[in-house]
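Reviewing the structure listed below.
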Amino acid sequence: QVQLVESGGGSVQAGGSLRLSCAASGNIYSRYYYMGWFRQAPGKEREGVAAIYIIGGNTYYTASVKGRFTLSHDSTKNTLYLQMSSLKPEDTAMYYCGAVYSSYLPRPLSSPLYKFWGQGTQVTVSS
């Protein structure tokens, strides 16, 4: 079992920045896994924002955040980071960290493929 704990959410004005963190702990027995950030706004489905294949370092971003968000992973701390810049009101959502053991995901930003989830952290961007 893997536990994920998110932090770093908050309220900012449009154009501002935030950095989200997701600390993983528990029985992490392999580096063949994916971690990702997903978000869900009220009344909307959960969508994939960014993901990384840990052992390969490959990163994936949804189109709406490319050039504004940067994903990174610190393997010494088992922590995933999402640096968010140039935030827009439409980025407002609950952000969740997800993880899954796999050597290949056909759609790394697809939330149903992920097994472990954190409790979420709220990001609110005002105009």
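This chain uses plain numbering: 1 for the first residue, then up along the sequence.
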With sequence neighbours excluded, residues passing salt bridge (Lys or Arg N to Asp or Glu O under 4.0 Å) with E47
R39
Is the shortest side-chain heavy-atom distance between L113 and V100 below 4.5 Å?
no
May I ask whether V2 and W37 are part of the same hydrophobic cluster, defined by side-chain heavy atoms of I, L, V, M, F, W, Y residues being less than 4.5 angstrom apart, directly or through others?
yes
For residues 97-127, the ring pair (Phe, Tyr, Trp, His ring centres under 6.0 Å) pairs (sequence neighbours left out) are Y29-Y101, Y33-Y101, F38-Y114, F38-W117
Once salt bridge (charged side-chain N to carboxylate O under 4.0 Å, His left out) is applied, what residue pairs with a partner in residues 7-33 remain, sequence neighbours excluded?
none
Answer yes or no: is there a donor N or O on one side and an acceptor on the other, between the side chain of T92 and the main chain of V125, under 3.5 Å?
yes
Test Y95 against E6 for side chain to side chain contact (heavy atoms under 4.5 Å, CB included), laying out the working first.
CA-CA 8 Å; Y95 282 69; E6 304 101 331; over 6 Å; no
What are the two closest heavy atoms between P89 and S127, and how far apart are they?
CG-CB, 3.9 Å
Report the residues that fulfil side-chain hydrogen bond (donor to acceptor under 3.5 Å, both in side chains) with T124, sequence neighbours left out, ordered by chain and then residue number.
Q122
For R68, which residues count as a side-chain hydrogen bond (donor to acceptor under 3.5 Å, both in side chains) partner, sequence neighbours excluded?
D91
Does a side-chain heavy-atom distance below 4.5 Å link M35 with I54?
yes
Write out all pairs satisfying disulfide bond (SG atoms under 2.5 Å apart) with one or both partners inside residues 3-109, taking only residues at least two apart or from two chains.
C22-C97
Chi angles and distances behind the side chain to side chain contact (heavy atoms under 4.5 Å, CB included) call for T121, L20
CA-CA 8 Å; T121 186; L20 305 184; 4.0 Å; yes
Y81 vs H73, side chain to side chain contact (heavy atoms under 4.5 Å, CB included): CA-CA, chis, key distance, verdict
CA-CA 6 Å; Y81 301 98; H73 181 260; over 6 Å; no
Decide side chain to side chain contact (heavy atoms under 4.5 Å, CB included) for L82 and T70; before the verdict, give the C-alpha distance in whole Å, the side-chain angles of both, and the deciding distance to 0.1 Å.
CA-CA 6 Å; L82 183 68; T70 302; over 6 Å; no
For T76, side-chain hydrogen bond (donor to acceptor under 3.5 Å, both in side chains) partners two or more places apart:
D74
Taking only residues two or more places apart in sequence or in another chain, which ones pass side chain to side chain contact (heavy atoms under 4.5 Å, CB included) with A23?
T79
Taking Y96 as the starting point, is it possible to reach V65 by hopping between hydrophobic residues whose side chains are less than 4.5 Å apart?
no
For N58, all residues meeting side-chain hydrogen bond (donor to acceptor under 3.5 Å, both in side chains), sequence neighbours excluded:
none
Partners meeting side chain to side chain contact (heavy atoms under 4.5 Å, CB included) with S85 (sequence neighbours left out):
S17, Q83
Under 4.5 Å between side-chain heavy atoms, counting indirect links through other Ile/Leu/Val/Met/Phe/Trp/Tyr residues: same cluster for L105 and L109 or not?
yes
Could you give all pairs that pass the ring pair (Phe, Tyr, Trp, His ring centres under 6.0 Å) test and reach residues 40-68, with sequence neighbours left out?
Y34-Y53
dist L71:CG -> L80:CG (nearest 0.5 Å) comes out at 4.5 Å
For E90, check side chain to side chain contact (heavy atoms under 4.5 Å, CB included) against everything at least two apart and list the hits.
K88
Within this structure, what is the OG-CG distance for the pair S21 and L4, rounded to the nearest 0.5 Å?
12.5 Å
Reported NZ-to-OG1 distance for the pair K66 and T59, which is rounded to 0.5 angstrom
9.5 Å
